[in-house]
Colleague: 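Input: one structure, supplied below.
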There are 2 protein chains.
Amino acid sequence: MTDETPKTGRRASIGARRSPATEAAILAAARDLLAERGYAGFTFEEVARRAGAGKPTLYRWWPTKADLLVDVYSAEKAATVRAPDTGSLPGDLLAYTSALWGFWRDTPTGRAFRGLIAEAQAGDVAQATLRDKFLPGRLKDVRGLFARAAARGDIRSDTIEDLVTLYIGFNWFHLTTGRIEDDAPAITRIALLLAKAGAASSSP
Amino acid sequence: MTDETPKTGRRASIGARRSPATEAAILAAARDLLAERGYAGFTFEEVARRAGAGKPTLYRWWPTKADLLVDVYSAEKAATVRAPDTGSLPGDLLAYTSALWGFWRDTPTGRAFRGLIAEAQAGDVAQATLRDKFLPGRLKDVRGLFARAAARGDIRSDTIEDLVTLYIGFNWFHLTTGRIEDDAPAITRIALLLAKAGAASSSP
DNA sequence: ATCAAACGATACGATCCGTTTCGTTGATAT
DNA sequence: ATATCAACGAAACGGATCGTATCGTTTGAT
């Protein structure tokens, strides 16, 4: 929990270097604003007002909205979705997907990610931020699930990358079209399909 | 080709019903504006100005930007991307995906589709428009490809819907992350994976 | 003849953008 | 000790767009 309206007085400069207090206040305000108003109400103007910061300060450290969204996400990333280990690929995928969708639905950080996808469609710079600064870290967890399945011999290792792509695409598709309610049956079907797609040929 | 700046005088009301001339002028102006300035410069203000129409008229028929984008996009895509019939599911998917990515890459309207996805993330109404008014129509072509494969006995018919979801997700993922260059090998691998995922069990 | 609704024009208040100016603060280099 | 430099918050800016309201005009439907 964070202060919605910081009661402290103004934070003056602490010299010719970035102020951690200001940075923290801005990130907290950004997170709260996302939680309350969603991506639609997420403006630099309002973040600055809540943080008791000047707009030039925001623009100095976060040139675009995408940059700020990435930092908001990263700040809480630790306590988010952890990779499960159920012993089977479909089991792992069901657990991971359920957790991921719940995270996207129910947390400010999750909503920040949805806004980031939106932001990335408006400009090439933001799109590069999404693809190069955001995606690789996200992919690592998922790739781990498939790599373990390959190590068990459940899928061929040369299908891992493509299965990851299909799986991430499936999740993003559901996110961007607003269908991330809990739907274990549907997720299970997809998980089984992916497992089968990657399985070794029937006549080795 | 359409008039960029209609030289005609003002179109008065034709009575208590929607004016086809006005509708056509607005859609033409919207398409031209998208072509020239892309999604970033796509505003109701400018569309109305070019069409020689009043803003209230636009808002009356297209309450949100998403609605107008859907109308422009649907017309253009139908005329550009056609469902192929190569005789095999992987062949169909390769042909269709290449055409689709080319459309997204190389046409102003296709490029604007990113904007539609972005728009849908900003509000629930726009998201519902994307999901309920736009998606079903676009899915029909793709579902046809898989349905034909099922009719040939190449895939099980109860996997069609899930394969469609995986396939669309794959495409959107590549679009939203800016990776829709021509990549036949990658598309082929995905097509083969999907075909295998839907195939009948290996040991019946 | 009356009514209803669409039309274009115009103006409005509101919001947000991204930038600029200003005076203040404090760490760092000299 | 002093000068320099950059970050800070405040405020204001010009500009763009939003979505709505108002107005008089036009024409089909009743």
Side-chain angles (χ1 to χ4, degrees), chain A residues 5-30 33-34 36-69 115 118-119 122-123 125-126, chain B residues 5-30 33-34 36-69 115 118-119 122-126 129:
Chain A
T5 47
K7 283 117 194 141
T8 79
R10 66 181 278 180
R11 288 178 308 277
S13 167
I14 60 169
R17 61 190 228 279
R18 185 170 189 168
S19 162
T22 288
E23 181 177 9
I26 288 174
L27 288 177
L33 183 57
L34 268 172
E36 288 177 31
R37 311 239 183 114
Y39 173 67
F42 185 71
T43 66
F44 271 31
E45 198 101 23
E46 181 67 8
V47 170
R49 197 190 64 76
R50 289 194 179 206
K55 280 201 296 175
T57 302
L58 265 84
Y59 280 102
R60 172 154 38 237
W61 302 115
W62 297 276
T64 76
K65 215 182 275 191
D67 293 284
L68 182 52
L69 284 168
E119 195 68 25
V125 177
Chain B
T5 47
K7 282 110 196 151
T8 79
R10 68 180 279 178
R11 288 179 305 279
S13 167
I14 60 170
R17 64 193 223 278
R18 186 170 189 170
S19 162
T22 288
E23 181 178 10
I26 288 175
L27 288 177
L33 181 57
L34 268 175
E36 288 175 32
R37 310 236 183 117
Y39 173 68
F42 185 71
T43 65
F44 271 31
E45 199 100 25
E46 180 67 8
V47 170
R49 197 190 63 75
R50 290 195 179 205
K55 279 204 295 176
T57 302
L58 264 84
Y59 280 102
R60 172 155 39 236
W61 302 114
W62 298 276
T64 76
K65 211 184 276 191
D67 292 285
L68 184 50
L69 281 169
E119 199 70 25
D124 292 337
V125 177
T129 298

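Each chain gets a letter, A, B and so on, in the order its sequence line appears, and its residues count up from 1. As a basis for the values below, the full set of heavy atoms in this structure was taken, side chains included, without hydrogen atoms, waters or symmetry mates.
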Colleague: Tell me the interatomic distance from A:L58, atom CG, to C:dC17, atom P, rounded to whole angstroms.
Modeller: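 Going from CG in A:L58 over to P in C:dC17 covers 10 Å.
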Colleague: So do the side chains of B:W61 and B:R18 get within less than 4.5 Å of each other, counting heavy atoms only?
Modeller: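 In contact.
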Colleague: Could you say whether A:A53 or B:G41 is positioned toward the 5' end of DNA chain D, judged by the nucleotide with the nearest heavy atom to each?
Modeller: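 Its nearest nucleotide being more 5', the pick is A:A53.
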Colleague: When the distance from CZ of A:R60 to C1' of C:dG18 is rounded to whole Å, what number comes out?
Modeller: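 My rounded result for the distance is 14 Å.
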Colleague: With a 4.0 Å limit, can you tell me whether A:K55 has a side-chain N or O closer than that to the phosphate oxygens OP1/OP2 of C:dT20?
Modeller: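 It does not, given that no N or O in the side chain of A:K55 lies less than 4.0 Å from OP1 or OP2 of C:dT20.
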Colleague: From the list C:dC7, D:dC18, D:dC5, which nucleotide is the closest neighbour of the side chain of B:E45?
Modeller: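 For B:E45, the side-chain atoms sit closest to D:dC18.
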Colleague: With a 4.0 Å limit, can you tell me whether B:S13 has a side-chain N or O closer than that to the phosphate oxygens OP1/OP2 of D:dT25?
Modeller: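 No, no such contact exists.
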Colleague: Taking the side chain of B:P56 as heavy atoms from C-beta outward, which of C:dA5, C:dT10, D:dC18 is closest to it?
Modeller: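 Shortest atom-to-atom distance from the side chain points to C:dT10.
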Colleague: Starting at CZ of A:R50 and ending at P of D:dG9, how long is that distance when rounded to a whole Å?
Modeller: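 Between P of D:dG9 and CZ of A:R50: 17 Å.
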Colleague: Less than 4.0 angstrom between a side-chain N/O of A:R17 and OP1 or OP2 of C:dG26, yes or no?
Modeller: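 For C:dG26, OP1/OP2 do not have a side-chain N/O of A:R17 under 4.0 Å.
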Colleague: Between B:G15 and A:A12, just flag the one whose closest nucleotide in DNA chain C comes earlier from the 5' side.
Modeller: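 It is B:G15, whose closest nucleotide lies nearer the 5' terminus.
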Colleague: Could you tell me the separation between the CD1 atom of B:I26 and the P atom of C:dG8, rounded to a whole number of Å?
Modeller: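 Answer to the nearest Å: 7 Å.
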Colleague: Check this one for me: any side-chain N or O of B:W61 less than 4.0 Å away from OP1 or OP2 of C:dC7?
Modeller: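 Affirmative; the distance criterion is met.
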Colleague: Using whole Å, report how far CG of B:L68 lies from P of D:dG19.
Modeller: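 My rounded result for the distance is 12 Å.
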Colleague: If each of B:E46 and B:I14 is mapped to the nucleotide of DNA chain D with the nearest heavy atom, which maps nearer the 5' terminus, i.e. the 5' end?
Modeller: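 Its nearest nucleotide lies further toward 5', so the answer is B:E46.
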Colleague: Would a 4.5 Å heavy-atom cut-off, applied to side chains only, mark A:W62 and A:I26 as touching?
Modeller: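 Side chain of A:W62 against side chain of A:I26, heavy atoms only: contact under 4.5 Å found.
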Colleague: For D:dG9 and A:T22 - does any side-chain N or O of the residue sit under 4.0 Å from the phosphate oxygens OP1/OP2?
Modeller: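 Answer yes for this pair, as a side-chain N or O of A:T22 is under 4.0 Å from OP1 or OP2.
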Colleague: Of all the choices, C:dG18, D:dA10, D:dT17, which nucleotide is nearest to the side chain of A:Y59 once you look at every atom?
Modeller: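 For A:Y59, the side-chain atoms sit closest to C:dG18.
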Colleague: Can you check whether A:F42 reaches A:L69 side chain to side chain, under 4.5 Å on heavy atoms?
Modeller: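 Touching, per the 4.5 Å side-chain cut-off.
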Colleague: When you look at A:E46 and A:R50, which way does the salt bridge (Lys or Arg N to Asp or Glu O under 4.0 Å) test go after all the steps?
Modeller: CA-CA 6 Å; A:E46 181 67 8; A:R50 289 194 179 206; 3.3 Å; yes
Colleague: If you look at every heavy atom in B:L33 and B:G41, which pair is closest and at what distance?
Modeller: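 Nearest pair, atom of B:L33 first, then B:G41: CD2-O, 3.6 Å.
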Colleague: Under 4.0 Å: is that the gap between some side-chain N or O of A:S19 and OP1 or OP2 of D:dA7?
Modeller: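 No, because none of the side-chain N or O atoms of A:S19 sits under 4.0 Å from OP1 or OP2 of D:dA7.
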Colleague: For the pair made of CZ in A:R37 and P in C:dT15, what is the distance, rounded to whole Å?
Modeller: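 Rounded to the whole Å, the gap is 10 Å.
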Colleague: Once you round it to whole Å, what is the distance between C1' of D:dA10 and CZ of A:R11?
Modeller: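 Going from CZ in A:R11 over to C1' in D:dA10 covers 13 Å.
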